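Source: prediction; values computed, not measured. Proteins come first, then strands; the chains are lettered A, B, ... in the order of their sequence lines, and each starts at number 1.
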There are 2 protein chains.
Amino acid sequence: MPSPEKPRSLERGVVTATPDVAEPLNLSYLRHLVGNLSGLVHIRSREIFKSRLSEHQLTPKQAVVLEFIANNPGVSQKEIAQGVVTTPAMLVSVLDTLTGRGLVERVTDTEDRRRTCVALTPDGLLALGDIKKSFENVEETLQAESGMTDQEWQTLVTLLRKITERE
Amino acid sequence: MPSPEKPRSLERGVVTATPDVAEPLNLSYLRHLVGNLSGLVHIRSREIFKSRLSEHQLTPKQAVVLEFIANNPGVSQKEIAQGVVTTPAMLVSVLDTLTGRGLVERVTDTEDRRRTCVALTPDGLLALGDIKKSFENVEETLQAESGMTDQEWQTLVTLLRKITERE
DNA sequence: TATTGTTATACTCTATAACTATA
DNA sequence: TATAGTTATAGAGTATAACAATA
């Protein structure tokens with residue numbers, strides 16, 4: 001999506017379409033919506049993450065859950081769901097995958113047998129290093145592509161956190 | 001997700017879980033990743049959008065496509081797909097929905113009969129006003145929740161655009 | 001009676017590949 | 001042969017409701 005606003009022909013059917021270099025499209029409205037822009041940034045970050053998969057073959061979601069468990073050993077499934085903003089039901093399939101690969105373990109809480117505590121296995125700890133590299137690669141690539149300075153990047157992080165850490 | 005970093009007990013199984021007000025979880029790593037934060041912001045914006053549906057019963061994706069077509073009358077499906085960052089295949093079902101409700105029309109390009117030009121119908125134009133209100137509501141709510149000043153909000157938009165309008 | 005994790009269902013979205021009709 | 005749109009399919013993600021075991 002290049003260059004600034006430019007008036008655009010309304011009768012596109014008449015315009016001879018240049019095959020690769022398309023006429024710039026009018027994005028003036030969506031371009032100013034944080035709700036939309038954040039989605040586009042997220043799509044791009046997922047693309048980068050997936051393009052650099054190393055031996056861990058995890059989806060971004062699975063990686064985020066693994067990372068979250070690593071930071072909160074023995075966390076319950078309900079807490080994970082709240083922490084990564086998803087539903088307990090959705091977590092089941094993610095944890096099934098992670099336990100199936102031997103990266104995390106589910107243990108019933110001895111105090112409250114309804115709760116399941118989840119923690120990383122030694123293999124999960126190994127995979128974690130790899131995943132962190134992928135996450136960092138996403139950040140570096142995004143920043144490089146955008147041409148932002150380190151200070152601008154920090155500002156962006158700070159502002160996004162104001163939304164995600166409301167109240 | 002309240003308050004700043006706080007050391008967290010490692011043996012959660014032993015902690016008596018307070019039902020609603022959970023112990024703050026450790027998000028220190030994911031909290032600094034634009035790739036992750038942008039996803040959380042997008043989730044929140046979708047929540048707000050859906051909670052304020054008026055008579056138009058469109059998903060955020062359908063609404064974005066309709067908005068894009070409105071800004072680019074007669075645009076081809078391939079161009080829409082590029083503009084809203086999705087695949088031509090995915091667009092089919094979105095456009096089927098929108099045409100089914102009489103909001104947009106598909107017309108075969110007379111110059112190149114492979115192309116389909118898409119444009120809003122009068123009904124689509126009506127729905128558009130409603131959709132814009134929803135989009136604006138999302139922005140206002142996000143800003144209000146985050147407590148950002150107008151200037152901070154503008155900075156956020158500018159920085160996000162540096163990523164989405166790379167090159 | 002309420003809660004945790006689970007199952008089930010349905011729909012949206014994503015990712016591919018193959019097909020058609022046009023060029 | 002290449003391109004625009006479509007179809008088909010499989011998997012990921014989302015949203016609900018209902019269920020079993022436990023509190």
Heavy-atom protein contacts under 4.0 Å, nucleotides 11-20 of chain C, coded B base, S sugar-phosphate only, - none:
--SBSB----
Taking atom [atom2] of [N] as reference, at what distance in whole Å does atom [atom1] of [X] sit?
| X | N | atom1 | atom2 | answer |
| --- | --- | --- | --- | --- |
| A/Gln77 | C/dT3 | CD | C1' | 13 Å |
| B/Asp112 | D/dG5 | CG | C1' | 11 Å |
| A/Gln82 | C/dT3 | CD | P | 12 Å |
| A/Asp96 | C/dT6 | CG | P | 7 Å |
| A/Leu91 | D/dA15 | CG | P | 14 Å |
| B/Leu95 | D/dT7 | CG | P | 12 Å |
| A/Lys78 | C/dT3 | NZ | C1' | 7 Å |
| B/Ile80 | D/dT6 | CD1 | P | 10 Å |

Would you say the base of C/dT3 and the side-chain of A/Arg114 have a donor-acceptor pair closer than 3.5 Å?
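Side chain to base: pair found, below 3.5 Å.
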Heavy atoms of other groups near A/Arg106 CZ, more than 12 under 6.0 Å
yes
Quick one: which of B/Leu103, B/Leu66, B/Val118, B/Thr116 gives a side chain to side chain contact (heavy atoms under 4.5 Å, CB included) with B/Leu95?
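Going through the options one by one, the only one that passes is B/Val118.
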Distance-only donor-acceptor check, side chains [X] and [Y], under 3.5 Å:
| X | Y | answer |
| --- | --- | --- |
| A/Asp150 | A/Gln154 | no |
| B/Asp130 | B/Ser134 | no |
| A/Gln143 | A/Ser146 | no |

Phosphate OP1/OP2 of D/dA4: any B/Arg106 side-chain N/O under 4.0 Å:
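For D/dA4, neither OP1 nor OP2 has a side-chain N or O of B/Arg106 closer than 4.0 Å.
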Distance-only donor-acceptor pairs under 3.5 Å for side chains of residues 36-44 of chain B, two or more places apart:
residue : atom : partner  : partner atom : Å
B/Asn36 : ND2  : B/Leu30  : O            : 3.3
B/Ser38 : OG   : B/Val34  : O            : 2.9
B/Ser38 : OG   : B/Gly35  : O            : 3.1
B/Arg44 : NE   : B/Glu145 : OE1          : 3.1
B/Arg44 : NE   : B/Glu145 : OE2          : 3.4
B/Arg44 : NH1  : B/Glu47  : OE1          : 2.6
B/Arg44 : NH2  : B/Glu145 : OE2          : 2.4

